Amino acid sequence: MMKSLLIANRGEIACRVIKTARRMGIRTVAVYSDADADALHVRMADEAVHIGAAPTRESYLVGDKIIAAAKQTGAEAIHPGYGFLSENAEFAQAVMDAGLIWVGPLPKSITAMGLKDAAKKLMDDAGVPVTPGYMGENQNPNHLKLEADKIGYPVLIKAVAGGGGKGMRLVEQADEFLDALTSCKREASASFGNDHVLIEKYILSPRHIEVQVFGDSHGNVVHLFERDCSLQRRHQKVVEEAPAPGMDEATRLELCAAAVRAAKAVDYRGAGTIEFIADGSEGLRADRIWFMEMNTRLQVEHPVTEEITGVDLVEWQLRVASGEPLPKRQDELSINGWAMEVRLYAEDPSKGFLPSIGKLDVFDYSDPMVRVDTGVEEGAEISPHYDPMIAKLIVHGDTREEAIADLRYALDAGECGPLITNAGFLFRVLGDEEFASGTMDTGLIGRKLEELTARPEPSLEGLQTAVGELLGRGGNGPWGLAGGLRLNAAPRRQMRVTDQHGRDFDVALAGVSDEQPKRVAVINEGGERFVIKPWRAHGGADGGVGSGSILAPMPGRVIAVEVTAGQTVTKGQKLLTLEAMKMEHTLTAPFDGVVEAVNCAAGDQVQVDVLLIRLENLE
Ligand code: ADP
Ligand code: ADP
Ligand code: MG
């Protein structure tokens with residue numbers, strides 16, 4: 001077994017790999033960019049090497065720096081995690097050429113599966129059913145159009161080098177094909193430096209089913225059953241579970257055998273995933289499940305497989321990379337219970353999932369039922385440079401119903417802020433009836449987007465507790481009466497409060513004691529976090545949308561200021577445009593008022609919560 005390991009990644013996956021390596025007595029080396037100097041993965045590792053500036057092209061994507069860091073620290077092996085260099089065959093080769101152990105598949109296996117068209121041809125030859133479509137060399141637009149016509153609409157145009165849900169276009173009818181092709185090729189060449197596409201029949205009632213496979217350097221390949229990742233938004237996974245609901249044993253056997261054939265066809269070593277698309281219109285049937293692509297790495301959602309099989313997949317990766325045979329035979333692997341994972345993101349579903357980077361003053365998902373795979377701790381900051389995933393929440397129950405209930409409970413009881421997360425959205429997704437029935441397809445979230453992303457109002461009970469705290473009556477429950485007061489004897493108080501989204505609520509409350517009142521009370525329910533403050537007619541100095549202080553919702557650059565001091569504005573009027581995370585964001589007047597002061601100018605770089613404009617409320 002190797003004695004030391006460098007992890008060429010950051011965030012939760014770096015922490016995940018370090019955990020297992022430590023348990024196995026392997027010395028760990030982290031790498032980090034300027035933005036990650038204080039990151040958890042750096043503190044968890046035995047040693048850490050700085051590899052450059054925050055942009056990934058200057059740090060986490062520079063193979064030479066990573067190999068140099070391994071040499072410098074005497075690390076024997078490199079684990080790439082997922083993303084970044086994990087599916088880069090040249091990097092894998094360079095690691096091996098430097099005399100280091102590459103914790104991953106052979107470069108030739110990565111290359112064979114790297115482009116979707118070549119991979120599909122290879123799988124077809126290996127007897128694995130592939131999604132029907134055109135995967136030929138001829139990229140002439142008119143030829144591609146003819147092929148699409150032959151396949152029959154709807155079709156999906158896919159960049160052969162695509163990944164992460166990018167470089168795909170759904171075409172519903174023939175006359176939309178050429179425009180979609182042009183825009184797909186443009187995106188593909190910008191994002192992947194390769195504008196070749198393939199065309200696939202768009203599978204109706206699509207379900208994303210994938211199989212975890214594992215190979216070693218002695219020619220053994222096993223599968224660790226399937227995962228269902230059908231809950232997606234824009235072709236990106238939101239909820240993942242194992243096993244797949246509605247999968248019968250015969251179908252499972254056939255599917256998993258096809259996945260093992262696929263892995264064997266490329267002499268696969270280490271952890272890999274064979275992704276399939278299923279037509280779920282009549283349940284899961286082996287003759288309606290087709291190969292889509294292979295991911296030649298550990299997958300984000302690998303924990304659900306670990307939970308149902310009891311296997312530590314990172315441990316297996318390290319053993320196999322050290323030349324050991326697979327720790328278990330196929331007949332020693334079985335499914336135990338049901339596991340489910342959600343990806344907790346710093347993003348605002350009610351604003352088109354705009355990344356909501358900033359501080360994590362509170363981050364508490366300490367319910368013992370839930371496994372939290374994360375790369376951050378309370379007090380950390382989610383940086384604008386990388387993927388805004390905060391954590392993965394994973395549960396394991398006896399049944400699917402139990403897993404759903406536990407995960408919803410974890411989201412309800414947990415707390416994360418002040419940056420905005422998708423926790424409430426996830427809570428509602430998991431509460432969907434179609435999802436509960438197990439008949440969901442990949443379009444479910446898209447169809448119900450409005451109801452799933454609408455920001456709910458806090459409950460009456462929540463508001464009453466909050467107002468109790470604002471008035472100095474914390475800890476007694478909403479209508480619980482302290483000190484033996486009787487309801488009809490209690491003084492009634494009415495208070496107007498506002499939440500951080502600028503919504504006002506009038507709340508009546510009885511039984512006010514003389515405890516110390518608070519300035520702010522937080523309500524946590526259903527994954528949502530509401531920050532409640534007393535309402536002020538003329539915004540107080542402490543800001544908030546309900547007041548007259550217009551604060552920067554995230555760090556960014558002011559592009560345009562539309563108003564000047566002294567100007568009268570009406571509710572909804574455009575005040576200022578901010579560019580953040582490569583998107584433009586308009587700030588509008590929350591009420592009719594007068595501009596008291598403008599504290600910024602076009603071109604200014606501003607931090608989150610900086611006061612940009614003050615308004616006097618005239619409503
Ligand atoms: P999964 O979530 O199933 O593991 P994804 O396709 O969502 O797989 O990708 C996982 C990680 O790899 C993400 O961080 C994603 O951004 C990254 N990724 C996937 N494909 C590419 C690619 N072609 N280029 C760059 N990053 C990629
Ligand atoms: P990526 O490399 O971006 O992960 P995939 O080929 O794995 O690309 O496809 C991503 C997602 O797009 C799938 O999980 C599925 O939801 C959808 N998809 C892909 N191919 C098809 C298809 N032929 N029919 C319907 N949906 C598809
Ligand atoms: Mg995929």
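Counting convention: from 1, in listed order, for ligands and their atoms alike. Predicted model only: the values in this text are computed from it and were never measured.
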Between Gln232, Lys237, Lys120, His208, which one has a non-hydrogen atom sitting closest to atom 16 (O) of ligand 2?
Gln232
Judged by heavy atoms only, the candidate from Arg207, Met168, His235, Met292 nearest atom 13 (C) of ligand 2 is Met292
Under 6.0 Å between ring centres: does that hold for [X] and [Y]?
| X | Y | answer |
| --- | --- | --- |
| Tyr60 | Tyr386 | yes |
| His302 | Tyr82 | no |
| Phe214 | Trp316 | yes |

Using a strict cut-off of less than 4.0 Å between a Lys/Arg side-chain nitrogen and an Asp/Glu carboxylate oxygen, indicate whether Glu528 and Arg428 qualify as a salt bridge.
yes
Of all N, O or S atoms in Glu275, identify the one at the shortest distance from the Mg ion (ligand 3).
OE1
Closest to the Mg ion (ligand 3), which N/O/S atom of Glu293 is it?
OE2
[X]: numbered ligand 2 atoms lying under 4.0 Å from its heavy atoms:
| X | value |
| --- | --- |
| Glu275 | 7 (O) |
| Lys201 | 22 (C), 23 (N), 24 (N) |
| Thr442 | 16 (O) |

Heavy-atom gap Lys116 to ligand 2 smaller than 4.0 Å
yes
Are side-chain N/O atoms of His223 and Gln212 paired as donor and acceptor at under 3.5 Å?
no
Measuring from atom CE of Met294 to atom CZ of Phe276, what distance do you get when rounded to the nearest 0.5 angstrom?
10.0 Å
Geometric N/O contact Leu156 with ligand 2, under 3.5 angstrom:
no
Please classify the Thr131 to ligand 2 contact at 4.0 Å (heavy-atom distances, strictly less than): side chain, backbone, both or neither.
side chain
